[in-house]
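Only one structure is covered here, and it is reproduced in the block below.
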Amino acid sequence: MGPLQLAWLGDAVWELHQRLRRCRQPGRSADLHRAVVADVRADAQAAALERLEPLLSATELEWVRRGRNRAGRGPRRGEAGVYGRATGFETMIGWLFLQDPNRLAQLLDQLEETDP
């Protein structure tokens, strides 16, 4: 799979992860949905990548780079750099989901521990 296919898969994995996190909390579905949407936006994904970057291996960083370089400009009102970092994050998530689910779980746990 190429970087954009991995990013597409990684986006779905990331959204499912956020939905599963929210399932543990009581609340109306509309409120839970808004919380998930806030967590899966490009700026939130770019921020998650920033928190993880010091922990990433060379291979993981390479997948981030490959995804970022294939991202394109993104939405008109969005910032291209943020969109690129978010696509790189999604690419890495997709790759880890397929290649090393245990490492993916470690990184997702790390994000839980450092959640602002």
Side-chain angles (χ1 to χ4, degrees):
M1 270 189 230
L4 294 180
Q5 289 84 5
L6 289 170
W8 183 74
L9 176 61
D11 183 56
V13 170
W14 180 247
E15 182 170 349
L16 180 59
H17 173 72
Q18 296 305 322
R19 285 177 177 256
L20 289 170
R21 282 183 61 214
R22 300 296 178 199
C23 283
R24 299 180 202 139
Q25 305 168 352
R28 296 180 6 192
S29 61
D31 296 334
L32 297 173
H33 175 73
R34 277 191 287 281
V36 167
V37 167
D39 287 337
V40 299
R41 291 176 37 186
D43 57 341
Q45 290 177 344
L49 175 61
E50 189 174 319
R51 293 195 327 264
L52 288 179
E53 269 182 314
L55 308 172
L56 298 180
S57 70
T59 302
E60 293 160 350
L61 289 168
E62 175 64 15
W63 281 106
V64 169
R65 184 194 65 78
R66 290 177 69 186
R68 185 191 65 229
N69 288 348
R70 292 294 311 271
R73 295 182 40 84
R76 279 182 215 200
R77 65 183 182 277
E79 190 178 320
V82 170
Y83 184 77
R85 288 190 300 277
T87 303
F89 175 74
E90 292 170 346
T91 301
M92 179 196 67
I93 295 292
W95 183 81
L96 286 170
F97 178 77
L98 295 174
Q99 299 298 320
D100 195 348
N102 290 329
R103 174 64 173 159
L104 175 59
Q106 288 175 345
L107 292 175
L108 294 177
D109 287 346
Q110 181 65 33
L111 285 173
E112 295 288 323
E113 292 172 13
T114 62
D115 198 13

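The analysis underlying the following values was restricted to heavy atoms, covering all of them including side chains, and did not include hydrogens, waters or symmetry mates.
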Checklist entry - Under 4.5 Å between any side-chain heavy atoms of Met1 and Leu98, yes or no? => result yes
Checklist entry - How many angstroms lie between atom CG of Leu52 and atom CD of Gln110, to the nearest 0.5 angstrom? => result 7.0 Å
Checklist entry - Hey, does Glu90 have a side-chain heavy atom less than 4.5 Å from the side chain of Leu6? => result no
Item to check | Same cluster (ILVMFWY, side-chain, under 4.5 Å), Trp14 and Leu32 | outcome: no
Checklist entry - About how many Å separate CG of Asn102 and CG of Leu107, when rounded to the nearest 0.5 Å? => result 11.0 Å
Checklist entry - Just how far is it from atom OG1 of Thr59 to atom CE of Met92, taken to the nearest 0.5 Å? => result 12.0 Å
Item to check | Closest contact, heavy atoms only, Glu15 versus Val40 | outcome: CA-CG1, 3.8 Å
Checklist entry - Could you state the interatomic distance from CD (Glu62) to CG (Leu56), rounded to the nearest 0.5 Å? => result 12.5 Å
Item to check | Whether Trp63 and Trp95 hold their rings parallel, tilted or perpendicular, with breakpoints at 30° and 60° | outcome: parallel
Item to check | Distance (rounded to the nearest 0.5 Å) between Arg68 CZ and Tyr83 OH | outcome: 14.5 Å
Checklist entry - Under a 4.5 Å cut-off applied to non-hydrogen side-chain atoms, are Gln5 and Trp8 in contact? => result no
Checklist entry - Does a salt bridge link Arg22 with Asp39, judged by any charged N lying under 4.0 Å from a carboxylate O? => result yes
Next on the checklist: Side chains of Arg51 and Leu111, heavy atoms from C-beta outward: is any pair under 4.5 Å?
Outcome noted: yes
Checklist entry - Are Leu61 and Phe97 linked, directly or through other ILVMFWY residues, by side chains that come within less than 4.5 angstrom of each other? => result yes
Item to check | Heavy-atom pair of closest approach, residues Arg41 and Val37 | outcome: CG-O, 3.0 Å
Item to check | For the student: nearest non-hydrogen atoms of Ala86 and Ala42, plus distance | outcome: CB-O, 3.5 Å
Checklist entry - Looking at Ile93 and Gly10, what are the two nearest heavy atoms and their distance? => result CG2-O, 3.7 Å
Checklist entry - For the atom pair OG (Ser57) and CZ (Arg103), what is the distance rounded to the nearest 0.5 Å? => result 6.0 Å
Item to check | Minimum heavy-atom distance between Ala38 and Ala44, given as atom pair plus value | outcome: O-CB, 3.3 Å
Item to check | Ion pair check, Arg85 and Glu50, cut-off under 4.0 Å | outcome: no
Checklist entry - Among the clusters formed by ILVMFWY side chains lying less than 4.5 Å apart, do Leu108 and Leu55 turn up in the same one? => result yes
Item to check | Trace of the side-chain contact (heavy atoms from CB on, under 4.5 Å) decision for Arg28 with His33 | outcome: CA-CA 9 Å; Arg28 296 180 6 192; His33 175 73; over 6 Å; no
